[in-house]
Amino acid sequence: MTEQQNVATSETVYPHKTVEQKWQRAWEEQKSSATPEKPGAEKFYVLEMFPYPSGRLHMGHCRVYSIGDALARFLRMKGKSVLHPMGFDAFGLPAENAAIKHQIHPADWTEKCVSDMKDQFHMMGFSLDWDREVVTCRPDYYRWNQWLFLKLFEKGLAYKKAAAINWCDTCQTVLANEQVEQGACWRCGNPVTVKNLEQWFFKITEYADELLADLDTLEDWPDSVKTMQRNWIGRSEGALVDFKLLPADTTLKAGDKCGLGAAEISALPDIEIFTTRPDTLFGVTYMVFAPEHPRVAELTAGTAHEAAVRDFAAKAVIEDRFTRAAADKEKEGLFTGRYAVNQLNGDVVPIYIANFVLMEYGTGAIMAVPAHDQRDFEFAKKFGVPIKQVIQPTDLNSEFRVPNLDLWKSAYIEPGVLVHSAPFDGVNSLDAKKQIVAHLEAQKFGRKTIQYKLRDWLISRQRFWGTPIPVLYCPTCGVVPVPENQLPVTLPTDAKFTGSGNPLAASESFVNAPCPKCGGKARRETDTMDTFVDSSWYFLRYCDPKNSTAPFSRAAATEWMSVDQYIGGIEHAILHLLYSRFFTKALRDLGLCDCKEPFQRLLAQGMVTNTYVDKQTGELAVDETGRLKYAKMSKSLGNGVDPLDIIDKYGADTARLFILFAAPAEKELEWKEDGVIGCYKFLNRVWRMTLQNLDACASAPAVATAVSAESTEAQELNYAINWGIQRVGVEIGERHHFNTAIAASMELLNALQTYTNKTGAAGDRALLGFGIRALLLALYPFAPHVTSELWERAGFGGDIGQQAFPEANPAALILQQVEIALQVNGKLRSKIVVAADADEATVRAAALADEKVQSHLQGREPKKVVVVKGKLVNVVG
RNA sequence: GCCGAAGUGGCGGAAUGGCAGACGCAGAGGACUCAAAAUCCUCCAUGGGCAACCAUGUGUGGGUUCGACUCCCACCUUCGGCACCA
């Protein structure tokens, strides 16, 4: 039996299980994923968002880590010093819920999950440096959370305050603004309510401007993520303006001029408002306070309106913030009986309270210009408040040129020219903004300012399984931070998980502690930190994971940061990515590192979706046209595919290849078993191609060499090989398009197969071997196990992962002859083959002489001939 | 409502302003086989034509250009985010 027949009968399908186990073991023994000691100039930090250790790897995980691993393996071949670490975002509610359910300590439950997940990572063949593993729930990590908290506290960037905050009743804890999605808890979807509590905050607002400005430096971030962050930060330029409060017993009424002198007006109490439209100040016809504004009670004290206003305010405040703030919510309001004076023109305007004015933005009070603001307009219509136009559109046909404002159907919010605003009449409204602000400042009526929607980050959580906030409360000394040398404050092992209340608060051994200052009896803070604190700096810890004297050394951070390529889900567009950017900047200001943005380049990978069964019909869900619908793989839809099943059936290489091939990384990936099988078949073809041509492999040169000029087949193959090599390198390395890189590898295999079909054993064996060699190298980043095995069997020598990624031979890419497309008036009509170095005149003449070109010209003289060298000729006639 | 992304064969998807549909899936035909599976080969946008070939074609309508999937304007649809932020 010949070698070929042997292969054909016994190993036409590659034994993925034995091959994968063999190489996974080998890589572990060789520590092939270890990070180089000194990164050098060519460092590259590849990082995927670390997972929550649920205990089971899902397809979403497989996708992120397959992307990152392909990149890491490719870059190692390219000679970079690659840092590709992994860890676990291990604090969080599921462990605590498991503790309640199964009466197992969250630490034990979490560690078991971590260990299970590591096994699964291993089975996927990811090349991770586990020596740098970071597990956030271990004291050797969270002690540095506490240490960093203390540093932020010293700097005034961590502080405690009473505030109206978001409360999730299901999770029994407060939530940061970023963690509330359309009024519901980001984790469990329960509607969030508002509570007034004393809580710890990080002063992220201190960095609002920098967080916004530096987005412009992140060129390789998706626009969508940058836009989301911009909107979330919500910077708006405007002015703070002081209106003056008239006494309760004034006889003046709305629409009057106050008739008071400047000194008299100046002596009245201020009402400060924020506006982005100072150009409309002369059009103010009323003012509105948020119902819960602290001055509302004072305004109406002892007046006839007192009771009604109090009732209104009470109702508005009880109503939860998110239904109240919905845009389609009916505008409700109430006149307070009081009036204010617009210092700019002496107008007397009524003061209302209304549900649509929010206490937490600006000053909690607004000036209302119904002619030029849609909300103010609707409110004015409903309550019969006058409307005064002060901006005139410049377009003479505009419907807002109608002098009778009763005919207006909406407010005119566009720019225009000022009217009824002496001395600013006739000024363009954009210029008027500046001029009026300058006027306000000169008269001391107000000042320019910048407002943000971004709020400080609420980090307290009333949960057990998180980092204890390192603070004590002493009856004599007050709030006392835990001294550095007493860190970590560890979670107790004796906590009881009953399902009600915070187990930490119930743990006597934890709560009672001596005051570090006076030694008296003190109580520990029982709130823990938001788990997003853990993930806000873990990428820095990877640089120096075993440091026991600091969270990381400045030198190590400087060596590796910033992350050159970060990969993760779009769901963290704001949350994790904004917090991490804030932390990086704050740590820089603490002198701990010197990088200002953590993630140079960001890839937001798409969801993995699958068909699902419609619960109503019991059939696969389809759209109106009968096409199958896809939805994110999830427990609730029951449409998840277990990666372990795929590994078992087709192998990890197939799974990885399919995941990367089926869709561009940033797009949705529709799971199709047929597609998986397609990739499996492709790997089998590679397997057979190699094993059936071992003789060719044995004679293969390592670098491209000259090819016999006699054989056009050989020349074509040589071109295809070098073209494939070049494309794969560019697609992975420069464009990060894994799907097209794999397509290029498939083309390469097709070219090899075409060649062997044509020439059989008579062909240029060395060239074929060279092509197989290149194919294995090109596929290694995606399918490392099978290519390692084939590399070894082909006897190419050494370990494939340690080879240099192949470089195309430029000489091989220079063609003798090229095909030129011939167009007549932009339409393809013919093709000709010319010498690659033919000059323009020759190509032009050949094109014009072409029969089809002639017939389509129908005897007309060409008016113009465009020649694109090596590509096409367009004859215009 | 505002912001962002995207609309290409039966399907997933390719195309630095230069031959639309690479690559794969599905499908059709053939080879091998007693047969099937696997494998290998060929075909595969639509309409017309025996064919050569012709016409049409990248959401819709305009525009720029010798030339537009690609750039510009308007619109439609889908997905995602924000949502009374003064």
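This structure is a prediction, so every number in the text was calculated from the model and none was measured. Basis for what follows: all heavy atoms, side chains included, without hydrogens, waters or symmetry-related copies. Just so we're on the same page: letters track the sequence lines, and every chain starts at 1.
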Intermediate values then yes/no, side-chain hydrogen bond (donor to acceptor under 3.5 Å, both in side chains), Asp209(A) and Tyr452(A): CA-CA 9 Å; Asp209(A) 229 359; Tyr452(A) 297 94; 2.9 Å; yes

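Spacing between atom CZ of Arg735(A) and atom P of rA14(B) amounts to 9 Å, rounded to whole angstrom units.
The phosphate of rG13(B) has neither OP1 nor OP2 within less than 4.0 Å of any side-chain N or O from His737(A). Within the structure, every side-chain polar atom (N or O) of Lys667(A) is placed at least 4.0 Å from both OP1 and OP2 of rG12(B). Checking the phosphate oxygens (OP1, OP2) of rC66(B), a side-chain nitrogen or oxygen of Lys864(A) falls inside 4.0 Å. At the phosphate of rA83(B), neither OP1 nor OP2 sits under 4.0 Å from any side-chain N or O atom of Lys453(A). Contact check, Gln753(A) against rC40(B): a side-chain N or O comes under 4.0 Å of OP1 or OP2. Listed pair Arg688(A) / rC40(B) meets the phosphate criterion, a side-chain N or O lying under 4.0 Å from OP1 or OP2. For rC85(B), neither phosphate oxygen OP1 nor OP2 lies less than 4.0 angstrom from any side-chain nitrogen or oxygen of Thr276(A).
In this structure, Arg627(A) reaches the sugar-phosphate backbone alone: every heavy-atom distance under 4.0 Å involves primed, P, OP1 or OP2 atoms, never a base. Residue contacts shown for Pro222(A) are absent, as no nucleic acid heavy atom lies under 4.0 Å away. Residue-level contact check: His856(A) touches the backbone only, with heavy atoms under 4.0 Å from sugar-phosphate atoms and none from bases. Note on Lys869(A): nothing from the nucleic acid sits closer than 4.0 angstrom, heavy atoms only. Nucleic acid contact for Ser745(A): none, since no nucleic acid atom lies under 4.0 Å from a heavy atom of the residue. Counting any heavy atom pair closer than 4.0 Å across all strands shown, Arg235(A) reaches no nucleic acid atom. As judged by a 4.0 angstrom heavy-atom cut-off over every strand, Arg455(A) is placed among residues making no nucleic acid contact. Lys863(A) comes within 4.0 angstrom of nothing in the nucleic acid, heavy atoms only.
Atom name C1', nucleotides rA28(B) and rA20(B): the rounded distance is 24 Å, in whole Å. Here, rC11(B) and rA55(B) have their C1' atoms 27 Å apart, quoted to the whole Å. Taking atom P on both rA14(B) and rC40(B), the two are 26 Å apart, rounded to the nearest angstrom. With P as the reference atom, rG61(B) and rC69(B) are 13 Å apart, rounded to whole Å.
Salt-bridge annotation for Glu840(A) and Arg844(A): absent, with no side-chain N of the basic residue lying under 4.0 Å from a carboxylate O of the acidic one. Salt bridge present: Arg447(A) and Asp242(A) bring a charged side-chain N and a carboxylate O closer than 4.0 Å. Contact check on Glu861(A) versus Lys863(A) returns no salt bridge, with no Lys/Arg side-chain nitrogen under 4.0 Å from an Asp/Glu carboxylate oxygen.
Minimum atom distance to the side chain of Asn757(A) is reached by rC41(B), of the listed rA83(B), rC85(B), rC41(B). Set against rA26(B), rG4(B), rA86(B), the side chain of Ile366(A) has rA86(B) as its closest nucleotide.
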Readout for nucleotides 17-24 of chain B: B = base within 4.0 Å of protein heavy atom, S = sugar-phosphate only, - = neither; 5' to 3' it is -BB--BBS

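Looking at Tyr14(A) and Thr690(A), their side chains never bring a donor and an acceptor atom within 3.5 Å of each other. In summary, the side chains of Glu716(A) and Tyr755(A) do not present any donor paired with an acceptor at a separation below 3.5 Å, with no hydrogens or angles considered. Between the side chains of Thr363(A) and Glu272(A), no donor-acceptor pair of N or O atoms lies under 3.5 Å.
A residue-by-residue look at Ala365(A) and Val875(A) shows that Val875(A) has its nearest nucleotide of RNA chain B further toward the 5' end.
Under the side chain to side chain contact (heavy atoms under 4.5 Å, CB included) test applied with Met287(A), the options Ile271(A), Thr336(A), Ile353(A), Val357(A) reduce to a single match, Ile271(A).
No more than 12 heavy atoms of other residues, nucleotides or ligands sit less than 6.0 Å from atom CD1 of Ile413(A).
Aromatic pair Tyr352(A)/Phe379(A): ring centres closer than 6.0 Å. For Phe658(A) and Tyr650(A), the gap between ring centers reaches or exceeds 6.0 Å.
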In dot-bracket form, how is RNA chain B paired, counting a Watson-Crick or G-U wobble pair only if both its distances are under 3.5 Å and using | for bases paired to another strand? (((((((..(((.....[....))).(((((.......))))).((((....))))..(((((..]....))))))))))))....

